[in-house]
Amino acid sequence: MELLSGADMIARFLQDEGIEYIYGYPGGAALHIYDALFRQDKVKHILVRHEQAATHAADGYARASGKPGCVLVTSGPGATNAVTGIATAYMDSIPMVVLCGQVASHLIGEDAFQETDIVGVTRPIVKHSFSIRHPADIPEVLKKAFYLAATGRPGPVVVDIPKDMTAPTERYEYIYPKKVKMRSYNPVTRGHTGQIKKAVELMLKAKRPVFYTGGGVVTGKASEGLTDLVKQLGYPITTTLMGIGSYPQSDRQCLGWLGMHGSYESNMAMHHADLIIAIGARFDDRVTNNTSKFCPTAKIIHVDVDPSSISKTVRADVPIVGPASSVINEMISLVQGNAVANPEALTEWWETIDGWRADREGKLYERSGPGEILKPQEVVEALCRVTRGEAYVTTDVGQHQMFAAQYYKFDKPNRLITSGGLGTMGFGFPAAMGIKQNFPEDDVVCVTGEGSFQMMMQELSTCKQYGVGVKIVNLNNASLGMVRQWQDLNYKSRHAHSYMESLPDFHMLIEAYGFTAITVNTLDELEPALERAFANKHELVFLDVKVDPFEHVYPMQVPLGAMRDMLLSKTERT
């Protein structure tokens, strides 16, 4: 029999669970746990400079690897600093376990020093939460936390750990629980066969079908099956922002992504479709625009692992509750050997789509001339060329996020790492850090803006301590670009507090941390600077790229319109 303290149980459990990295920041209520981590060498603790960065780093790792990220923070402000990152993971269904130190159990409710009811604070933004009541419960509670985080619809789980539960003087029997049973939690493992048959019948009869796939395909590891199914049927496919890469973007059947800043052809195809096959997508408002005008002639098949997502905003004609991978595999077996019922209609549908594509070819944006200030779109296209479309690309939130998603072509899932649901500025840099530590031989680049970067730039210190060689491409337009765009469109260009005044000299700032900085002003300088940045996989390089501050992101859906209602440029609309 092995007797361990609560703190040593936590350290041992993380080893047994196969956790390689835990991101955190120490404080009084968590010090017993920190001491236990110090006395072992299998689980590596990464000391971030702010708890929000710990959650984003764990989140980035989880999105890239498909495994739960792990965070350790102290009570009170340590836990509340992690709230934004917990909400970010919750909105995008990312598996994460956040271990929060808490004041000793006899002090809970006494307004003790650094006490916060973090279970109460995070209740609306977690999949589940636990509070440790006895040290002997720790192995089973942690096993449940990791199981909940990673199964069904993934999400963050908070574990609140009072300091006396980890005291080194009290020891209890430790057994690693290999399995866990939760009577009240039984995630579905397959879809209803009858419903899947109904869906396939509709799919084979459709004249103007479109696949609409989201982050559930990526987190459900269903991209390979999806590609097979779409190829077999020969139908067009569009993805959400979170679903980018779930189907190869370079393939002709891919129309790009859809919604507020989605491609012209994807939004037009959705509006005119007679059948929408939605898999692992939740009909977010950034996709649907006005739900009363959404895809008026389409029947809707909706596949989702979470029953509460189905028919929540748009009514599904054929609802299927189940994991994307098993439902898709069942669809493939039913489609095999069956021809589509209306091949002529499908040919016509593709002709229409190709016409929409041709309408926009060469008109996406105006390129910069010799010596002129760069367009942000040119920067992302050059980045895609230099990295051969194979990098892990993280973004912050704003215009640069949309340009990265529009102009970098992703052929693999888990490669665009971005905050979709919460839209968290400051996410990109720590997320890149978490990915690079776990995939050191891959190119990892954070595409950011000077507003977002300043929210988490203290993590340069973390990168220095641990030798994390991410690349940072700062699309510097000296303003909060997306805010400014909305002010141009809706507030007669009254730019209320959207200029970033008093910016630091990024070149000097980066060099102060001992890293390489390159400033880029023109197109001639761009590609050589990118080649130089990516020459050494293990060196952090910051590219400060001066871009046109007046550039807008297009297409852009007209608020409260249908999917086909778009602004195509500053002077053009559908």
Side-chain angles (χ1 to χ4, degrees), residues 188 190-214 216-218 220 222-240 243 246-248 251-258 265-283 287-288 294-305 307 309-311 314-354 563:
V188 289
R190 58 193 303 270
H192 187 283
T193 301
Q195 290 294 89
I196 296 170
K197 280 180 180 166
K198 259 192 220 173
V200 169
E201 278 171 28
L202 275 181
M203 285 157 67
L204 292 170
K205 285 180 193 164
K207 294 179 179 177
R208 299 185 308 281
V210 178
F211 277 91
Y212 150 48
T213 59
V217 173
V218 177
S223 300
E224 211 174 297
L226 174 72
T227 305
D228 287 350
L229 179 62
V230 173
K231 283 278 179 203
Q232 274 192 47
L233 288 164
Y235 292 174
I237 177 169
T238 177
T239 74
T240 65
S246 57
Y247 185 91
D251 188 83
R252 174 185 172 269
Q253 284 171 245
C254 185
L255 310 185
W257 51 284
L258 78 168
E265 57 267 32
S266 67
N267 285 346
M268 293 298 279
M270 284 288 287
H271 182 81
H272 292 281
D274 72 343
L275 179 69
I276 287 162
I277 307 132
I279 305 178
R282 58 187 178 87
F283 294 86
V287 165
T288 61
F294 177 73
C295 305
T297 57
K299 281 200 176 323
I300 291 171
I301 296 163
H302 191 182
V303 180
D304 206 289
V305 75
S309 285
I310 293 179
S311 295
V314 172
R315 194 183 73 81
D317 296 285
V318 184
I320 302 170
V321 179
S325 56
S326 74
V327 173
I328 287 169
N329 289 339
E330 215 168 318
M331 284 178 168
I332 289 169
S333 63
L334 290 168
V335 163
Q336 271 166 354
N338 287 307
V340 295
N342 298 291
E344 299 85 5
L346 190 60
T347 303
E348 264 179 53
W349 182 224
W350 270 114
E351 283 168 4
T352 305
I353 290 168
D354 288 337
M563 289 202 76

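These values consider heavy atoms only, across backbone and side chains, with no hydrogens, waters or symmetry-generated copies.
Under the side chain to side chain donor-acceptor pair (under 3.5 Å) criterion, Thr240 pairs with no residue, sequence neighbours left out. Residues that satisfy the side chain to side chain donor-acceptor pair (under 3.5 Å) test with His271, not counting sequence neighbours, are Arg564.
Residues Ile320 and Met331 meet the side-chain proximity criterion, which asks for heavy atoms closer than 4.5 Å. In this structure, the side chains of Tyr247 and Thr213 stay at 4.5 Å or more apart for every pair of heavy atoms. Met563 has its side chain within reach of Leu258: a pair of non-hydrogen atoms, C-beta onward, lies under 4.5 Å apart. Using a 4.5 Å cut-off on side-chain heavy atoms (C-beta onward), Ile279 and Val327 make no contact. No side-chain heavy atom of Ser266 sits less than 4.5 Å from a side-chain heavy atom of Trp257. Within the 4.5 Å cutoff, no side-chain heavy atoms of Asp274 are placed close to those of Trp349. In this structure the side chain of Arg315 never reaches within 4.5 angstrom of the side chain of Ile300, judged on heavy atoms. Side chains of Ile196 and Val318 form no contact here, defined as non-hydrogen atoms less than 4.5 Å apart.
Between the side chain of His302 and the main chain of Ala281, a donor-acceptor pair closer than 3.5 Å is present.
Separating the CG atom in Leu275 from the OG1 atom in Thr297 is a distance of 10.5 Å, to the nearest 0.5 Å. Rounding to the nearest 0.5 angstrom, the gap separating the CG atom in Asn267 from the OG1 atom in Thr238 is 7.0 Å. Atoms CD1 and CE, on Ile276 and Met270 in that order, are 4.0 Å from each other to the nearest 0.5 Å. Taken from NZ in Lys198 to CD1 in Ile301, the straight-line distance is 11.0 Å, to the nearest 0.5 Å. Summarising the geometry, atom CD belonging to Glu224 is positioned 11.0 Å from atom CD1 belonging to Ile328; distances are rounded to the nearest 0.5 Å. In this structure, CG on Leu226 lies 9.5 Å from OG1 on Thr239, to the nearest 0.5 angstrom.
Minimum heavy-atom separation, Ile310 to Ala316: CG2-CB, 4.2 Å. Leu229 approaches Ile332 most closely through the heavy-atom pair CB-CG1, 3.9 Å. The minimum heavy-atom distance between Glu330 and Gly191, with the atom names listed, is OE1-O, 4.3 Å. Across Ala324 and Gly216, no two heavy atoms sit closer than the pair CB-O, 4.0 Å. Scanning all heavy atoms of the two residues, the minimum distance from Ile353 to Pro236 falls at CD1-CG, 3.7 Å. Of all the heavy atoms in Ala273 and Ala298, the pair that sits closest is O-CB, 3.4 Å.
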Would Thr352 and Arg208 count as a side-chain contact (heavy atoms from CB on, under 4.5 Å) if you check the C-alpha gap in whole Å, the side-chain angles of each, and the deciding distance to 0.1 Å?
CA-CA 10 Å; Thr352 305; Arg208 299 185 308 281; over 6 Å; no
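For Gln232, the CD atom sits in a packed shell: over 12 heavy atoms of surrounding residues, nucleotides or ligands are nearer than 6.0 Å. The environment of NZ in Lys231 is crowded: more than 12 heavy-atom neighbours from other residues, nucleotides or ligands sit within 6.0 Å.
One finds a salt bridge joining Asp354 and Arg252 here, because a Lys/Arg side-chain nitrogen approaches an Asp/Glu carboxylate oxygen to under 4.0 Å.
Ring-plane geometry between Phe211 and Tyr235 is classed as tilted, the angle between the planes lying from 30 to 60 degrees on a 0 to 90 degree scale.
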